[in-house]
Amino acid sequence: MSVDRRNFLRRATAIAAGVGVGFSWQQALARSNRKEYATTNQSQESSGAPTMVSTWNHGMPANEAGFESLANGGTALDMIEAGARIVEADSTGQSVGLGGLPDRDGFVTLDACIMDHMQNAGSVCFVQNVAHPLSLARKVMENTPHVMLAGAGAEQYARELNMPNSPLLTEASKKAWKKWRVESNYAPKINIENHDTIGLLALDQKGRLAGGCTTSGVAFKMHGRVGDSPIIGAGLYVDGAIGGATATGLGEAVMKTVGSFLVVELMRQGAKAQEACEEAVHRIMKAMPVENLQVGYLALGKDGSVGGHAIHSGFNYALHRPDPEDSNSIVGQLIDASNG
Ligand code: GLY
């Protein structure tokens with residue numbers, strides 16, 4: 001148990017004692033919520049080739065950072081965090097972290113989550129001025145008995161962790177927002193303003209799976225809107241014994257179909273990673289008009305199998321794994337998931 005977590009539990013117990021509660025909800029949550037890292041579930045581990053997949057072009061630098069972290073002794077979870085941080089810090093991308101397009105009132109609000117092979121999960125949503133929301137989500141997972149912190153509470157926790165107050169609205173994004181405000185017939189552009197996410201999945205050499213998702217959400221959304229990306233089961237789901245899945249695109253469609261959970265459940269029932277992504281996309285297409293919305297799914301099986309599929313063309317993902325002819329080298333490629 002980490003020192004931070006021990007302190008948190010001590011505080012939680014003290015609060016409960018102060019109001020005369022014999023058995024606190026904090027204790028109950030803490031017991032049920034998080035499996036300790038020291039307890040290794042052997043059935044969810046195997047040795048094999050490490051693999052990392054991440055959505056869109058920015059998946060390339062993300063995966064490279066992930067493998068660098070692995071080379072330095074990191075785990076699948078470290079690969080996810082390292083990859084996310086690269087993209088969150090890139091001011092040229094307008095869908096994640098710094099430089100993300102704001103909501104309709106001009107505020108950049110971020111959503112992120114992370115999950116490991118033991119089904120530990122952490123999430124933050126509607127967070128402002130936090131440069132690395134996925135790192136904050138990891139702290140929620142590792143240091144608190146909760147899964148999700150929202151808005152001001154998440155920001156308060158970031159400050160307690162000495163994460164600096166980081167303004168994220170760049171001049172370029174402010175300009176885009178001002179332009180949007182004067183356009184009368186605005187509709188988000190598919191694959192540009194609607195993709196708004198990086199989803200990452202990693203498998204390390206011990207067979208541990210992890211996943212993450214981080215985004216500034218749909219451009220010019222209503223203030224307060226939260227998408228699929230921080231919702232466990234929607235934007236991300238990992239089951240260490242089966243595989244992981246992540247979603248990108250219009251969060252409302254993903255949330256209504258609990259997309260990432262669906263992909264993993266289909267894999268549990270025997271579908272290949274690719275088949276599961278295709279079925280999850282078809283569920284959306286059956287349920288709602290999709291002319292103006294894009295959703296893409298990416299999946300990574302426990303066996304290293306990979307799948308990706310989207311409603312419309314234009315969705316791609318980066319795949320990195322060791323070169324089969326030289327396991328000391330990592331090969332990365334961008335895969336067009338529109339073609340299955
Ligand atoms: N998929 C990200 C969002 O809809 O916010």
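One-based numbering, in listed order, for ligands and for the atoms of each.
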Q: Check this for me: does any side-chain nitrogen of one of Arg268 and Glu265 sit under 4.0 Å from a carboxylate oxygen of the other?
A: yes

Q: Arg321: which residues meet the salt bridge (Lys or Arg N to Asp or Glu O under 4.0 Å) condition with it, sequence neighbours left out?
A: none

Q: Mark up the atoms of ligand 1 that fall under 4.0 Å of a heavy atom belonging to Gly249, in ascending order.
A: 1 (N), 2 (C), 3 (C), 4 (O)

Q: Asp78: which residues meet the salt bridge (Lys or Arg N to Asp or Glu O under 4.0 Å) condition with it, sequence neighbours left out?
A: Arg138

Q: Salt bridge or not between Lys256 and Glu252? Use side-chain N to carboxylate O under 4.0 Å.
A: no

Q: Using heavy-atom distances only, which candidate in Gly199, Gly227, Gly251, Gly217 approaches atom 4 (O) of ligand 1 most closely?
A: Gly251

Q: Taking only heavy atoms of Asp228, which atoms of ligand 1 are found under 4.0 Å from at least one of them?
A: 1 (N), 2 (C), 3 (C), 4 (O)

Q: With heavy atoms of Ser229 as the reference, note each atom of ligand 1 found under 4.0 Å away.
A: 1 (N), 2 (C)

Q: Under 4.5 Å between any side-chain heavy atoms of Tyr297 and Val281, yes or no?
A: yes

Q: Centroid-to-centroid, His223 to Phe126, below 6.0 Å?
A: yes

Q: Identify, by atom number and element, the atoms of ligand 1 in contact range of Thr197, meaning under 4.0 Å from any of its heavy atoms.
A: 1 (N), 2 (C)

Q: Record the part of Val218 in heavy-atom contact with ligand 1 below 4.0 Å; permitted values are side chain, backbone, both and neither.
A: both

Q: Does Arg225 have a heavy atom less than 4.0 Å from any atom of ligand 1?
A: yes

